[in-house]
Every structure is written in C-alpha cells, then in structure tokens.
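Structure first, then comments.
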Amino acid sequence: MRASVSDTVLIIGAGVAGMTAAVELADSGIRSVLVERASSMGGNALDLYKAFPTDDCFYCFEGNRWRPGIRKCFYRSAMVDQPNIEIKMGAEVKEIAGGPGDFKVRIAVSPTYVDPRKCTLCGLCSERSKAFHLLSPQCQPQAVTYDSSMADDGTRKAEEDCPTKAIKLDAQPSEETIGASDIVIATGYHEMKPIDMQEYGYGRIPNVITQLELAQMLDPNGKSGGVLLRPSDGAGVKQVMMVQCVGSRDEEHHPYCSKVCCVFALKHANIIATERQHSRVSVVYMDIRTYDRHERYYRESRDAGVEFIRGRVTRVEPRKDGAVNVTVYDSLLDKYLRSSVDLL
Ligand SMILES: Cc1cc2nc3c(=O)[nH]c(=O)nc-3n(C[C@H](O)[C@H](O)[C@H](O)COP(=O)(O)OP(=O)(O)OC[C@H]3O[C@@H](n4cnc5c(N)ncnc54)[C@H](O)[C@@H]3O)c2cc1C
Ligand code: SF4
Ligand code: SF4
C-alpha cells in the first residue's frame, strides 16, 4: 500500500530523534503532529551538556551524514512557529485505529497552563510563585512551566500580573482524534540504573553514580553550576573512576555491546581532564570501543592524562570520610589494584 506523502505524519516523542524527524519532514513540505508527553521537548538530550561528535551544545549538532556541516540548532530555531509542525505538549496517544495511509489516532492533551507563544520569559510569575519555573535554559518551547503540585498563595497573582496574559490556570485537559498517513515512534530510552548489581554499590553508596547523572553534574546550567561535588557531602571531587560495560556484554544482564557508552564516558573523561583540572580520572575497561571518528576521544583523553586500566572492578566499599574504596583486577598486570575515589 502506498501512503500519500502529502498527508500528516504523527511523530510520538519529541527527543532529538522526534524533533529531527519533524524538521526533516517540514523541510520537505510534509506536515507533522509531534506528540510529547513531557512539558518540554528534548528528552534525554536536555541533560547531556556537550555532545559528541562536535562537542557543541546538544541542540547545535550536524544535521545528518548526507549534509555534513549543516547544523540544526533546535534551541534557536522556531520549531514552535514552524507552520508544518503542530506540537502537542503534555500529550499521549490513547488509541490508534485504521492502517497505513489512513490512521485514526486518539490523543489526550494535558491542560496548557502557560501559552508558549505568549510567554516572553520575563520571569515575573516565578517571582510571585514557586509553581512557575523554567525547566532548563535549553527547554523548547522557551516558556515557563506550571507545576500545580507547587501552587501557593502567589499563583493567582502571577496569572493576573503576567504582562502577556500567557497564564490560564483554569485550562482543562482535552482529547482529540486526528488522521495520519504514517506514524514515527521516537519514544527514546531510559538509562539503565544498576540497582540490582550490588557489587557496584549504586543506590547504596551516594557517591556511585551513572554517566547521565555525571553529565548533569558537568552541565554549567545544572544544580552545581558544572562543579563536580560529591553527592554525599558536597565536598570537591579530586578522583573520578569510570567503570565500563556495567550491565553490557554480560550474559546475566545484556549480552550485547551498547556501542555508545565508551564514547560518552571518554567524552566526560576528556571534559574533566581538560576543564576541571583539579580532578583526576581513571577508566576501567574491557575493550575501548570508540568506533569511527570517535577514536579521537580515546587519543585525546590519553593525552590529557586519563588513566586506563584494563580489567574488572571486584569490590566497592564506602569509607567513613565519604570516599569510596575500589578494588580492581588489572588483567594486563595480573594483579589487584586498590584505590580510593570520590566519584565512581
Ligand atoms: C550519558 C549519555 C551521554 C550521551 N552523549 C551523547 C553525545 O554526546 N552525542 C550523541 O549523539 N548522543 C549521546 N547520547 C545518546 C543520546 O542521548 C541519544 O541518542 C538521544 O538523546 C536519543 O534521543 P531520542 O529522541 O531517541 O530519545 P529520548 O531523548 O529518550 O526522547 C524520547 C522522547 O519521547 C518522549 N516519550 C516517551 N514515550 C512517550 C509517549 N508514549 N508519548 C509521548 N512522548 C513520549 C519522552 O518524554 C522524550 O521526550 C548520550 C547518552 C547518554 C546516556
Ligand atoms: S509572567 Fe507571563 S510572560 Fe512572564 S515568564 Fe511568566 S508566563 Fe511568561
Ligand atoms: S565496550 Fe564500551 S560501548 Fe561496548 S558495552 Fe562496553 S562500555 Fe559500552
């Protein structure tokens, strides 16, 4: 069956993949409806700070491999005003009927308390009430978000005083059915948290974190302003150890290689070694798989003084002073190494 390319395409999920699909379709004159259940587009990329391969802000990376050098800056581009993209925030698909070329899709949309087309980010509402805040400086649409669970005495006053009348506290949820010729599912991923892998201490020892949590710490727009601090006590971080292949290439968890974690770990190691010079980094690995042009992260982190240990972490224990004792079996030296780190 051939679907007409002039019909509307439904895209579910407005992370980088969904936004890219919408922009590429719009560039080709095809209309899309972008359904995102969160109150900001961007998905996981909102927390990632610099992105490989260019080390730019995640919203300013190259368009695609066929058009190298052309950058798509979602942050500055006016996706919200693009006539061929209809964005439904706080929305979820409830039912899909029909078939290719003629889908009927029922969508539930949460109330739009702040109209992103009217909000100028003047910040007045956040001064009146804690219920209004900007999710992230990179959030898209660029508008404040209203969290009804934090409503307080200043909330109504904020609505009255908003200079552009962007706030509608009595907005109601709605439901609608749209037609679509095609559906793109771009619902993304959740980072695996190694809670059931007791040997690493994640969830038990506060200074054991994931790479996504490290990315949030490195982000100058994050809570600590990009300064590496131990979650346990806020002390400065002098020694970081990264452990590769946690839950991957492991018959008891995921037998395959995730293919991306070596690259983002070395991207982070590089940032720490070059931009946070008071912190040292070591990486415990099985094999370094920085394929293709990403090999430069391996070369650059070695040059920047990152220490590489081929082997496996065998023991992790918290210390009373907040540091973490780690024992590593070094398979090249055939011996156990013991060290104390601030972040694992
Ligand atoms: C620590 C770390 C560092 C990384 N660094 C880089 C890097 O430097 N460069 C790089 O290219 N990649 C990097 N990546 C990979 C990158 O995060 C992903 O490739 C990219 O963010 C995936 O985007 P996505 O749109 O597919 O998914 P997501 O970002 O997960 O977005 C999915 C969106 O769909 C929405 N959604 C989910 N379900 C529904 C539903 N039912 N209805 C409506 N909406 C829904 C979600 O709310 C979300 O907004 C990194 C990954 C990690 C973990
Ligand atoms: S007062 Fe109105 S325009 Fe200003 S930030 Fe709040 S919602 Fe936006
Ligand atoms: S080899 Fe590297 S990319 Fe592959 S699973 Fe291990 S850490 Fe991830």
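Just so it is clear, the values below take in all heavy atoms, side chains as well, and ignore hydrogens, waters and symmetry mates. Every number for a ligand or one of its atoms is a count from 1 in the order of the listing.
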Are there more than 12 heavy atoms of other residues, nucleotides or ligands under 6.0 Å from atom CZ of R280?
->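 No.
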
Check ligand 3 against [X] and write out every atom of the ligand that is under 4.0 Å from a heavy-atom position of the residue.
X    : result
R289 : 1 (S)
K259 : 3 (S), 4 (Fe)
D287 : 1 (S)

Please confirm whether [X] comes within less than 3.5 Å of ligand 1 when only nitrogen or oxygen atoms on both sides are compared.
X   : result
V16 : yes
F52 : yes
A17 : yes
E36 : yes

Those atoms of ligand 1 less than 4.0 Å from some heavy atom in Q211 =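 Checking each atom against Q211, I get 1 (C).
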
Out of curiosity, is A215 lining ligand 1, as in a heavy atom under 4.0 Å away?
-> no

At the 4.0 Å heavy-atom cut-off, does E191 count as touching ligand 1?
-> no

Nearest to [atom], what protein heavy atom do you find, and at what distance?
atom                    : answer
atom 4 (Fe) of ligand 3 : C257 SG, 2.3 Å
atom 3 (S) of ligand 2  : T120 N, 3.3 Å
atom 2 (Fe) of ligand 2 : C162 SG, 2.3 Å

From the options E92, E175, K88, Q172, select the one residue that forms a side-chain contact (heavy atoms from CB on, under 4.5 Å) with V109.
-> K88

Determine whether H253 and M192 make a side-chain contact, defined as any pair of heavy atoms from C-beta on separated by less than 4.5 Å.
-> no

Which option out of [options] puts a heavy atom nearest to [atom]?
atom                    : options             : answer
atom 39 (C) of ligand 1 : T187, V35, D47, T54 : T187
atom 7 (S) of ligand 2  : L121, I167, T164    : I167
atom 8 (Fe) of ligand 2 : S126, C119, C125    : C119

Looking at D342 and R230, does any basic side-chain N land under 4.0 Å from a carboxylate oxygen?
-> yes

Below 2.8 Å, any N, O or S contact between C261 and atom 8 (Fe) of ligand 3?
->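 An N, O or S atom of C261 is closer than 2.8 Å to atom 8 (Fe) of ligand 3, so yes.
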
Are E159 and Y146 linked by a side-chain donor-acceptor pair shorter than 3.5 Å?
->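 Short answer, no.
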
Distance-only side-chain donor-acceptor flag, T327 / T314, under 3.5 Å =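 Side chains of T327 and T314: no pair found under 3.5 Å.
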
